[in-house]
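So that the names make sense, note that chain A is the first sequence line, chain B the second, and so on, each numbered from 1.
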Amino acid sequence: MRVRGALVMQRIRSCEVSQQIGNTIRVQGWLAQIRRLGGIAFVVLRDGWGSLQVTADAAALAPIERANAGPESVLEVVGQVQANARAPGGFELVTPRIEVLVAVTEPLPVPLGRALAKAKPNALLDHAPTVLRDPTRRAIVQLGAAAMAGFRRGLVARGFTEIQTPKIIRAASEGGANVFALDYFGSPATLAQSPQLYKQIMVGVLERVFEVGPVFRAEPHATVRHLSEYVSLDVEMGFIEGMHDVIAVLRETLVEIVDALAERSPLLELLGAELPVVPARLPELDFVAAQELVELATGERVVGEPDLAPAHEAWLGEHARREHGSDFLVVTGYPIAKRPFYTHPDPARTAHTLSFDLLFRGTELVTGGQRLHRYDELVAAMTRAGIPAEPMAGYLEAFRFGMPPHGGFAIGLERLLARLLHLPNVRMATLFPRDRTRCFP
RNA sequence: GGGGUGGUAGUUAAGUCGGUUAUAACGCCGGCCUGUCACGUCGGAGGUCGCGGGUUCGAGUCCCGUCCGCCCCGCCA
């Protein structure tokens, strides 16, 4: 191994350095910080996997001084890995030879590090391209990746096939006018609010399917739990006996997600996250019973209302914590008036449905349920909802030619992360959030 | 769409009853410091107080208008 000459040393990633004790290695990354103590200085080098302390004397820092290289400059360092109990992680790079690959000479718009915790959300989002480099911000991204990996792993193990459905579609998938319209070669089209209709069609093909992908909502809401574009973790499965088969898969999927997150415990610790325990059976509450509980506790008149208000969901979240020791609560049997046309009514009480919401720490995280699968019933439901059949011809074709009893659910990824990590705003769980007033960076 | 609230240095905030040169912390720059890991310490630079108009001897502060953001509700994951 030679530092100079025809042989180029292999680049070592920060996460591999602990296996290189005693070796002279080459590392590359960003200058996170220099702590100067006079004759000795500690250079913190960050790469895509973590960070590494480089211990340098004044002479070794000369290239940085010459280039006037400030925070976020891109560096290459060749040095020897030395075990040292005084170094973070128990090792450091000594006798370094530092080369400045890209010198950054202006201060960051939002300094990384401890100041970040106090910055306003807007400043963080405006400067996401650099702010995301902060270890706490990128940990959120990494945990999101882990959650998606757990979701996929669990479903694949249960015989589900991952699909990708179109995001440019003819008609609104959920009904309602809150869709983004776009020009499709001169014809009107919209961005998909949900893969709902397509994943149902695919139940007729593969029985069990799932999708990880973006959905688009043009609702003019402005709250800490809404985005105009978010990632939906969608599941749909055929040949169910009833809604509880769907809830069972949801529970198992949550276990898989939590397990995958648990494998990233350093990231969880960095963010102070507490993983929820998924109970052996998710606590369930009927919609009307939930309303009665809220009414009894708060004195507000809520029985008879078609939906639960966010404040009531928060109360129910605390109720689940108190009574069941659970961060999760399944609310079943929502009124049919507030559910989309494809929702299966409850045969025992037709004003209610075989559908459910999953509350996670008091926030609506999942919606799911059993769907209508008989063609005639579906057409009747569409007629009642005032949905024209013509744009839905493809959807209806699947049902005309035999669909089994089926159901599914969708998890909002950013909401999961926001509640998991106690983020004040769902926007903080997104790389580049889109909302009513933000379409940049 | 309705309601509430805010805009002061790169970032976060203070600024009293309208009164002299608009403060502080972090960040940035410079000095000192050989085991830091929120390093410490001394000094320095950095401002169209969102914008426009008005009241006043005098406006960050009061009034009117305007722009932009944030939070809540409706709706939703």
Checklist outcome for this item: Heavy-atom contacts, protein to nucleotides 3-9 of chain B, under 4.0 Å, summarised as B (base), S (sugar-phosphate only) or - (none) per nt, yield -------
Checklist entry - Taking the same atom, P, in B:A24 and in B:G47, what whole-Å distance lies between them? => result 15 Å
Checklist entry - Any ring pair (Phe, Tyr, Trp, His ring centres under 6.0 Å) pairs touching residues 293-318 of chain A, not counting sequence neighbours? => result A:W315-A:H319
Item to check | Integer angstrom distance from the P of B:C26 to that of B:C37 | outcome: 14 Å
Next on the checklist: In whole Å, measure the gap between the P atoms of B:U36 and B:G40 for me.
Outcome noted: 12 Å
Next on the checklist: Please give me every residue in residues 127-147 of chain A whose heavy atoms get under 4.0 Å of an atom in RNA chain B, ordered by residue number.
Outcome noted: none
Next on the checklist: Under 3.5 Å, is there a donor on one side chain and an acceptor on the other for A:R438 and A:N122?
Outcome noted: yes
Item to check | side-chain hydrogen bond (donor to acceptor under 3.5 Å, both in side chains) pairs, two or more places apart, involving residues 61-83 of chain A | outcome: A:R26-A:E76, A:Q28-A:E76, A:R36-A:E65, A:R46-A:E72, A:E72-A:R133
Next on the checklist: Does A:E16 form a salt bridge (Lys or Arg N to Asp or Glu O under 4.0 Å) with A:R13? I'd like the steps, not just the answer.
Outcome noted: CA-CA 5 Å; A:E16 304 164 326; A:R13 296 182 290 163; 3.2 Å; yes
Checklist entry - Considering residues at least two apart in sequence or located in another chain, which fulfil the ring-ring contact (aromatic ring centres under 6.0 Å, His included) criterion with A:W30? => result none
Next on the checklist: Run the side-chain hydrogen bond (donor to acceptor under 3.5 Å, both in side chains) test against A:E236 and tell me which residues pass, sequence neighbours left out.
Outcome noted: A:K199, A:R371
Item to check | Short side-chain donor-acceptor distance under 3.5 Å, A:Y342 and A:Q200 | outcome: no
Checklist outcome for this item: To the nearest angstrom, the OH-P distance between A:Y334 and B:C75 comes to 12 Å
Checklist entry - Roughly how far apart, to the nearest Å, are B:G74 and B:G19 at atom C1'? => result 48 Å
Checklist entry - Taking only side-chain nitrogens and oxygens of A:N122, does any of them come within less than 4.0 Å of OP1 or OP2 of B:C70? => result yes
Item to check | Along RNA chain B (nearest heavy atom to each residue), the more 5'-positioned of A:R415 and A:A123 | outcome: A:A123
Just distance, no hydrogens or angles: give the donor-acceptor pairs under 3.5 Å from side chains in residues 362-369 of chain A, sequence neighbours left out.
| residue | atom | partner | partner atom | Å |
| --- | --- | --- | --- | --- |
| A:T367 | OG1 | A:D357 | OD1 | 2.9 |

N/O donor-acceptor pairs under 3.5 Å from side chains in residues 283-292 of chain A, not counting sequence neighbours:
| residue | atom | partner | partner atom | Å |
| --- | --- | --- | --- | --- |
| A:E284 | OE1 | A:H244 | NE2 | 2.9 |
| A:E284 | OE2 | A:H244 | NE2 | 3.0 |
| A:D286 | OD1 | A:R349 | NH2 | 2.4 |
| A:D286 | OD2 | A:V288 | N | 3.0 |
| A:Q291 | OE1 | A:G304 | N | 3.4 |
| A:Q291 | NE2 | A:V302 | O | 3.0 |
| A:Q291 | NE2 | A:E305 | O | 2.8 |

Next on the checklist: At a heavy-atom distance below 4.0 Å, what parts of residues 424-438 of chain A sit against RNA chain B?
Outcome noted: A:N425, A:R427, A:R436, A:T437
Next on the checklist: Roughly how many Å apart are B:U66 and B:G2, using the P atom of each and rounding to a whole number?
Outcome noted: 14 Å
Next on the checklist: So, using ring-ring contact (aromatic ring centres under 6.0 Å, His included) as the criterion, who are the partners of A:F360 when residues are at least two apart?
Outcome noted: A:F328
Item to check | Contact pattern, 5' to 3', of nucleotides 35-42 of chain B - B, S or - by protein heavy atom under 4.0 Å | outcome: BBBBB---
Checklist outcome for this item: For residues 137-147 of chain A, the side-chain hydrogen bond (donor to acceptor under 3.5 Å, both in side chains) pairs (sequence neighbours left out) are none
Checklist entry - Between A:T367 and B:A77, does any side-chain N or O lie under 4.0 Å from OP1 or OP2? => result yes
Checklist entry - With nearest nucleotides of RNA chain B determined for A:I411 and A:N68 from heavy-atom distances, which residue corresponds to the more 5′ nucleotide? => result A:N68
